[in-house]
Engineer: 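Pasting a structure here, questions to come.
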Amino acid sequence: MPDLLANIAMGFGVALTWQNLGLCLFGCALGTAIGVLPGIGPLTTMALILPITFWLQPVGALIMLAGVFYGAQYGGSTTAILVKIPGETSSVVTILDGHAMAQQGRAGPALAIAALGSLFAGTVVTLLIAVAGPPLASVALMFQSADYVSVMLLGLVSAVVLAHGSVLKAIGMIVLGVLFGLVGTDVSTGDYRMTGGFDVLFDGIGFVPLSMGLFGLAEIMTNLEEPGRAPPATMRVRELMPTRADLLRCLPAMIRGTVVGTVFGILPGGGPTIAAFSAYSLEKKVSRNPERFGKGAIEGVAAPETANNAAAQACFIPMLSLGVPPNALMALMIGAMMVHGITPGPEIITKQPVLFWGLIASMWIGNAMLVVMNLPLIGLWVKLLQMPYGYLFPSILVFCCIGTYTLNSSPAEVLIMTAFGVVGYVFRKLDCEPAPLLLGLVLGPMLEENFRRAMVLSGGDWSIFVRRPLSLAFLLAAAGLLVAVALPSIRRSREAAFRE
Amino acid sequence: MRISLTKNVLAGLLFVGFGLFGLWLSHSLDMGTADAMGSGYFPRMVCSLLIVCGGVLAVLALVWPDERPEGWHWRPLVCVTLASLAFALLLRPLGLVAALAVTILLGALSGPLLPPLKLAFLVVVLIAVNVGIFVLALGMPIPLWPALT
């Protein structure tokens, strides 16, 4: 316990330096802004600012990236409540009751409860990471290569199960990501693999050009297909504070939302969106008068908003303690760490304590900042919605180009990005989600390295993966998930969850 | 049976294509054995898996067709692609300012057209911001103007 306190104190010491506070503020503000703007998500934004983070200390870089991610959860709810547009997919369910409340003139309490719920979840989960991270990492230190292979397979399988749309397509996208990850110099033999003789590929397909192309450029192309949006009519915000009765009603919803969100955040392949949906349906199920939902029930705002923020932060637990990213956003964070020369894995907590505890402390500070930023400044964020896309997309385009170029001062990488922009557009047209590909890209090289090492250790005996109990348990869990998704009843409810 | 190129058929074919291309690119890599894998072992595994996956996807979609991909819009695709191509190719010979201007103008063509004055304003602001961030603040060695040779 005293250890924990000392560590948390050290974390605050790191996070409270002027530079890191500024980066946290910048990340949170940027996150809120893109959360408010529909059509640009946290994944794209994090990919866009990745090149800038290379000029920062690793701690500062991660603090800023994390701020964008959870800031987006706050911003998304603002537009959902006020103008019935989900800024982020994770805020789609908030519309149901949040916008209904706004129409009844109770937009203020809805916004306040969304922010307070997020702060509540942020505080609980930050503590949870601080308490659970180190023990989890020490378990992970006992992992051998075979166990790592199995835990990564489990992660990839559940990413497939929780992705929406066709399971086969999601598997294909992950495998394709792994394949892209193999391009470049093979670390164990020094052979150039699948480079086609282009020297720009000797170091592999860069994480930045690939994600900028797939997410930045391709997103512009698809967004431009829709006819121009009319600036939405906005609601006035009068009374801000929720009443005592509101708070009493919301407290249990927030607690349940935090639990649901944490579970879905830790679960590989989970994330804020599915957490928000599940928390909403749970709340409707346990409510004594479910008919109020959809007509402005404040619990219907509190639960999903708490859950999406809890999930956004709980994703960091497997990423920081095992080095295995549970979703594409965390894969991007791992990508950022690797560019800074930090090897992801359970050693991070012991070898990079400043990074780990600083990041955790900054998350708590960031959540507090976001509440301050979101409630009084709400009018400012709503103004942002009126910005026409005609200004926004050339800025994103230019930023993609120059950001990719500056990484290695290489025009060839901009060409790679362009190619992935076209590929990404085709993927979108064919309903292939690009996020699992990113997960495969990051996990691919780790998967190969551990797979080869496991096979060397076992002398080429494949049974190593089922002989080690840990590895066997992970594999069984993965197989169970695959069977479960094939069962008709679960399949139906999964489809229903995505349709809602 | 009429073959209809639905989303799943095309996606399946795309996966098979990438898999075959990967196999072809890695044909000369050493396979090795399971206990001492060469650099070609894992890539071949991954490519084969991708081909199987894409094949099954395509065949299933031929039996139970899904919908066809719709709404291809060429203008955004072509203009955005050209814009970033232009940036890559023009940066070295023309310098950052000119390359940015071309990129922004080409990119702006892909959406609803802004009035000329607003467009000019956007070009100036974006150039100023990017030069400010990358050249002045971060000190990147990017040439600003065409090299005089």
Side-chain angles (χ1 to χ4, degrees), chain A residues 52 55 166 168-169 171-172 175-176 178-179 182 186 188-189 191 193-196 217 220-225 227-228 389-391 393-395 397-402 405-406 409 411-412 414-415 417-418 421-422 425-427 429-432 444 448 451-452 455-456 458-462, chain B residues 7-8 10-12 14-15 18-19 22 25-26 29-30 33-43 46-47 49-50 53-54 56-57 60 69 71-73 75-77 80-81 83-85 87-89 91-92 96 100 103-104 107-108 110-112 114 122 126 130 133-134 138 140-142:
Chain A
I52 295 192
W55 276 270
S166 152
L168 264 175
K169 265 187 199 167
I171 297 179
V175 178
L176 193 56
V178 174
L179 183 62
L182 295 181
D186 173 27
S188 353
T189 58
D191 290 345
R193 297 198 293 195
M194 297 184 277
T195 58
L217 292 189
I220 298 177
M221 297 178 198
T222 27
N223 280 336
L224 283 175
E225 294 182 340
Y389 199 62
Y391 288 113
F393 82 84
S395 322
L397 171 65
V398 162
F399 215 74
C400 285
C401 292
I402 194 164
Y405 172 79
T406 50
S409 294
V414 183
L415 293 178
M417 175 193 74
T418 312
V422 177
Y425 182 75
V426 174
F427 281 153
K429 281 287 149 203
L430 300 179
D431 285 344
C432 295
E448 183 188 16
F451 174 65
R452 275 163 107 159
M455 292 305 269
V456 169
S458 74
D461 181 4
W462 287 79
Chain B
K7 287 181 182 173
N8 285 353
L10 290 173
L14 194 67
F15 291 153
F18 270 116
L25 279 177
S26 49
L29 293 175
D30 174 31
T33 52
D35 59 336
M37 286 178 207
S39 51
Y41 197 100
F42 198 69
V46 172
C47 289
L49 186 60
L50 190 59
C53 198
V56 174
L57 182 65
L60 285 181
W72 293 87
H73 287 68
R75 203 168 90 172
L77 177 63
V80 170
T81 306
S84 57
L85 267 185
F87 184 84
L89 300 177
L91 183 65
R92 287 281 165 83
L96 184 62
L100 278 178
T103 305
I104 298 166
S110 55
L114 287 174
L122 183 69
L126 279 183
N130 281 294
I133 295 180
F134 289 98
L138 297 176
M140 287 294 302
I142 310 176

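Just the heavy atoms: all of them, side chains too, but no hydrogens, waters or symmetry mates, feed the values below. Each chain gets a letter, A, B and so on, in the order its sequence line appears, and its residues count up from 1.
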Engineer: Count the heavy-atom pairs under 4.5 Å between each of B/V46, B/L96, B/L60 and chain A, then report the option with the highest count.
Structural biologist: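 That would be B/V46.
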Engineer: Could you state the interatomic distance from CG (B/L49) to CD1 (A/I171), rounded to the nearest 0.5 Å?
Structural biologist: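 Taking CG in B/L49 and CD1 in A/I171, the distance rounds to 8.0 Å.
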Engineer: Go through the atoms of A/C432 and report whether side chain, backbone, both or neither lie under 4.5 Å from a heavy atom of chain B.
Structural biologist: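 For A/C432, the side chain is the part near chain B, not the backbone.
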Engineer: Could you walk me through whether B/W72 and A/K429 satisfy the side-chain contact (heavy atoms from CB on, under 4.5 Å) test, starting with their C-alpha distance in whole Å, then the side-chain angles of each, then the deciding distance to 0.1 Å, before giving a yes or no?
Structural biologist: CA-CA 8 Å; B/W72 293 87; A/K429 281 287 149 203; 3.6 Å; yes
Engineer: Do B/T81 and A/M221 come close enough that some side-chain heavy atom pair is under 4.5 Å?
Structural biologist: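 Side chain of B/T81 against side chain of A/M221, heavy atoms only: contact under 4.5 Å found.
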Engineer: Does any heavy atom of chain B fall under 4.5 Å from the side chain of A/L415, the backbone, both, or neither of them?
Structural biologist: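 Both the backbone and the side chain of A/L415 come within 4.5 Å of chain B.
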Engineer: Quick one: what part of B/L10 sits under 4.5 Å from any heavy atom of chain A, side chain, backbone, both or neither?
Structural biologist: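 Both parts, backbone and side chain.
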Engineer: Find out whether A/V175 and B/C53 are in side-chain contact, i.e. whether some heavy atom of one side chain is under 4.5 Å from a heavy atom of the other.
Structural biologist: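 Not in contact.
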Engineer: Return the option, out of A/I52, A/I402, A/L179, with the maximum number of heavy-atom pairs under 4.5 Å with chain B.
Structural biologist: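 Between A/I52, A/I402, A/L179, the count favours A/I402.
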Engineer: So, taking the atom named SG in A/C401 and the one named CG in B/L100, what distance separates them when rounded to the nearest 0.5 Å?
Structural biologist: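 The distance works out to 8.5 Å.
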Engineer: Could you have a look at B/A88, B/S39, B/S84 and say which one has the most heavy-atom pairs with chain A under 4.5 angstrom?
Structural biologist: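 Looking at each option in turn, the highest pair count goes to B/S39.
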Engineer: Just so I know, are the side chains of B/D30 and A/T189 near enough to count as touching, which here means a heavy-atom distance under 4.5 Å?
Structural biologist: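 No. Closest side-chain heavy atoms not under 4.5 Å.
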Engineer: Looking at B/L25, B/L14, B/V56, which one has more heavy-atom pairs under 4.5 Å with chain A than the rest?
Structural biologist: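 If we count pairs closer than 4.5 Å to chain A, B/L25 comes out on top.
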Engineer: For chain A, which candidate among B/G38, B/G40, B/G12 shows the most heavy-atom pairs at distances under 4.5 Å?
Structural biologist: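 Result: the option with the highest number of such pairs is B/G38.
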Engineer: Can you name the closest pair of heavy atoms from B/A83 and A/L397 and give their distance?
Structural biologist: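 Taking B/A83 first and A/L397 second, the nearest heavy atoms are CB-CD2, 3.7 Å.
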Engineer: Main chain of B/L29, side chain of A/R193: is a donor-acceptor contact present, judged purely on distance under 3.5 Å?
Structural biologist: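 Pair absent, no side-chain N/O of A/R193 close to backbone of B/L29.
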Engineer: Is it the backbone or the side chain of A/I220 that comes under 4.5 Å from a heavy atom of chain B, or both, or neither?
Structural biologist: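 The side chain, not the backbone.
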Engineer: Ring-plane angle category for A/Y405 and B/F87, please: parallel below 30°, perpendicular beyond 60°, tilted otherwise.
Structural biologist: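 A/Y405 and B/F87: perpendicular rings.
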Engineer: Atom SG in B/C47, atom CG in A/L176: separation rounded to 0.5 Å?
Structural biologist: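 Result: 9.5 Å between the selected atoms.
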Engineer: Is the shortest heavy-atom distance from the side chain of B/P76 to the side chain of A/Y425 under 4.5 Å?
Structural biologist: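 Not in contact.
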Engineer: Output the distance between atom CG (B/L57) and atom NZ (A/K169), rounded to the nearest 0.5 Å.
Structural biologist: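 Nearest 0.5 Å value for the CG-NZ distance: 6.5 Å.
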Engineer: Against chain A, label B/L50 side chain, backbone, both or neither, depending on which of its atoms sit under 4.5 Å from a heavy atom there.
Structural biologist: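 Both backbone and side chain.
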Engineer: Go through A/L217, A/T195, A/V426 and name the one with the most non-hydrogen pairs under 4.5 angstrom from chain B.
Structural biologist: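 With the most close heavy-atom pairs to chain B, the winner is A/L217.
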Engineer: What residue, out of A/M417, A/M194, A/M455, has the most heavy-atom pairs lying under 4.5 Å from chain B?
Structural biologist: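 The option with the most such pairs is A/M194.
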Engineer: Measuring heavy-atom distances to chain A, does B/R92 have an atom under 4.5 Å in its side chain, in its backbone, in both, or in neither?
Structural biologist: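 Interface part for B/R92: side chain.
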Engineer: Can you classify the ring geometry of B/F18 versus A/F427 as parallel (below 30°), tilted (30 to 60°) or perpendicular (above 60°)?
Structural biologist: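 Plane angle between 30° and 60°, so tilted.
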Engineer: So for B/L85, is it side chain, backbone, both, or neither that comes closer than 4.5 Å to the heavy atoms of chain A?
Structural biologist: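 Both backbone and side chain.
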Engineer: Heavy atoms only, distances under 4.5 angstrom: which of A/V398, A/V456, A/V414, A/T406 has the most pairs with chain B? Name it, please.
Structural biologist: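 Ranked by contacts with chain B, first place is A/T406.
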Engineer: Is the shortest side-chain heavy-atom distance between A/F393 and B/V80 below 4.5 Å?
Structural biologist: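 No, every pair of side-chain atoms sits at 4.5 Å or beyond.
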Engineer: Considering only heavy atoms from C-beta outward, does the side chain of A/P411 approach that of B/L91 to under 4.5 Å?
Structural biologist: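 Of all side-chain heavy-atom pairs linking B/L91 with A/P411, none is under 4.5 Å.
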Engineer: How close do A/L182 and B/P43 get, heavy atom to heavy atom, and via which atoms?
Structural biologist: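 Nearest heavy atoms, A/L182 then B/P43: CD1-CA, 3.6 Å.
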Engineer: For the pair A/W55 and B/F134, name the ring-plane relationship: parallel under 30°, tilted 30 to 60°, perpendicular over 60°.
Structural biologist: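 Because their plane-to-plane angle is over 60°, the rings of A/W55 and B/F134 count as perpendicular.
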